[in-house]
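Quick notes on the structure that follows.
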Amino acid sequence: MPTDLRPRLHREVTSFVRRSARMRDSQRRAYEAQVGGIVLDVPQGALRTSVADDAAVLDLPATFGRTAPVVVEIGCGPGDSLVPMARARPEIDVLAFEVFEPAAAALVARAVREDVSNVRVAPVDAVAGLERLVPAGGLAEVWTFFPDPWPKLKHHKRRLIDPAFADLVASRLRPGGLWRLATDWAEYADQMRAVVGGHPAFVAEPEERGDRPVTRFERRGLAEDRAIADLVYRRVA
Ligand SMILES: C[S@@+](CC[C@H](N)C(=O)[O-])C[C@H]1O[C@@H](n2cnc3c(N)ncnc32)[C@H](O)[C@@H]1O
């Protein structure tokens, strides 16, 4: 375990709540057929979404079957960004963390349907996953698009983007690597600018959406007249 991070492995406050993960039988069969393929077979801890204490760090070239720049997406949902972005950039490999199995299953179904081979999903908490499964200093990019906003003040402690998480992402990005974030909550965008922009390991790049497609979460924000913020930070050497 890295020594430069506040221990968060047994966090009581997570950025997600447990939800019933019912899937249609056909959806579950298609998902389970990909365990060991697109779906990484991560040794779980006490909870379905946790990572076992003795889980080994991933061998990323073995995981993807080649050596390529690796991008991690945190909370990919059904893959509305991930699948088109991975398809458009066949030179990268994308590892996603998603705790909600039906969303991970939708991502898997789409990747199979569209024959996108440079995608893997680990159905566990991204914080534990980054800490335990992802080697330090090697990622080309991290994407955090529309993390749950937890708008009520009493729930702000559940927000993913905080100083400890910025430390963790900084430790996993290679120098020069990018952290791309998007949100439709202006006040969460301000929190991201304060936390990541104020972090010594990151410098702000121009705010732009780049190749990020519109997702259903973004559409909901737009329908409710919320402005979209796309933030980009570079990991300094
Ligand atoms: C609001 S949705 C956004 C999904 C997607 N990024 C998009 O833009 O369409 C947030 C997603 O993050 C997932 N999530 C929240 N906290 C997580 C965590 N700690 N680890 C992995 N996934 C997480 C949720 O299950 C949910 O699917």
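We're numbering straight along the sequence, starting at 1. Indexing begins at 1, ligand by ligand and atom by atom, following the structure's order.
The closest side-chain heavy-atom distance from Ile161 to Val196 is below 4.5 Å.
Listed by atom number, the atoms of ligand 1 under 4.0 Å from Gly77 heavy atoms are 4 (C), 27 (O). Every atom of ligand 1 is numbered from 1 in the order shown, and the set under 4.0 Å from a heavy atom of Phe100 is 25 (O). Which parts of ligand 1 touch Cys76 is read off a 4.0 Å heavy-atom cut-off, strictly below it: atoms 5 (C). Each of the atoms 14 (N), 20 (N), 21 (C), 22 (N), 23 (C), 25 (O) of ligand 1 lies under 4.0 Å from some heavy atom of Val99. Listed by atom number, the atoms of ligand 1 under 4.0 Å from Ser15 heavy atoms are 15 (C), 16 (N), 17 (C), 18 (C), 19 (N). Listed by atom number, the atoms of ligand 1 under 4.0 Å from Phe97 heavy atoms are 21 (C), 22 (N). The contact set between ligand 1 and Ala126, taken as ligand atoms under 4.0 Å from a residue heavy atom, comprises 18 (C), 19 (N), 20 (N), 21 (C).
Salt bridge absent: Asp230 and Arg180 never bring a charged side-chain N and a carboxylate O closer than 4.0 Å. In summary, Asp53 and Arg132 engage in a salt bridge, as defined by a charged side-chain N under 4.0 Å from a carboxylate O. Remark: Glu101 does not engage Arg22 in a salt bridge, criterion side-chain N to carboxylate O under 4.0 Å. For the pair Arg172 and Glu131, the salt-bridge criterion is not met [side-chain N within less than 4.0 Å of a carboxylate O]. The pair Arg193-Asp190 counts as a salt bridge, with a side-chain nitrogen and a carboxylate oxygen less than 4.0 angstrom apart.
Using a non-hydrogen distance threshold of 4.0 Å, Ile74 does not register as a contact of ligand 1. Within the structure, the closest approach of Glu73 to ligand 1 falls below 4.0 Å when heavy atoms are considered.
A side-chain contact (heavy atoms from CB on, under 4.5 Å) with Trp143 is found for exactly one of Val72, Ile74, Val94, Leu181, namely Val94.
Some N or O of Gly75 is nearer than 3.5 Å to an N or O of ligand 1, by distance alone. Taking any N or O of Phe145, backbone or side chain, at least one lies under 3.5 Å from an N or O belonging to ligand 1. Some N or O of Asp125 is nearer than 3.5 Å to an N or O of ligand 1, by distance alone. Of the polar atoms of Arg216, none of the N or O atoms is found under 3.5 Å from an N or O of ligand 1, judged by distance alone.
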Show every donor-acceptor pair shorter than 3.5 Å between a side-chain atom in residues 54-61 and any protein atom, with sequence neighbours excluded, or say none if there are none.
unit_1, atom_1, unit_2, atom_2, d
Asp59, OD1, Ala62, N, 3.2

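Considering each of Arg220, Glu98, Glu101, Arg159, the one bringing a non-hydrogen atom nearest atom 25 (O) of ligand 1 is Glu98.
The backbone N or O of Arg212 sits less than 3.5 Å from a side-chain atom of Arg209, completing a donor-acceptor pair.
The side chain of Phe217, and not its backbone, has at least one atom closer than 4.0 Å to an atom of ligand 1 (non-hydrogen atoms only; side chain from C-beta on).
Taking the centre and axis of the six-membered ring of Trp150, the NZ or CZ atom of Arg158 falls inside the cone set by 45° and 6.0 Å.
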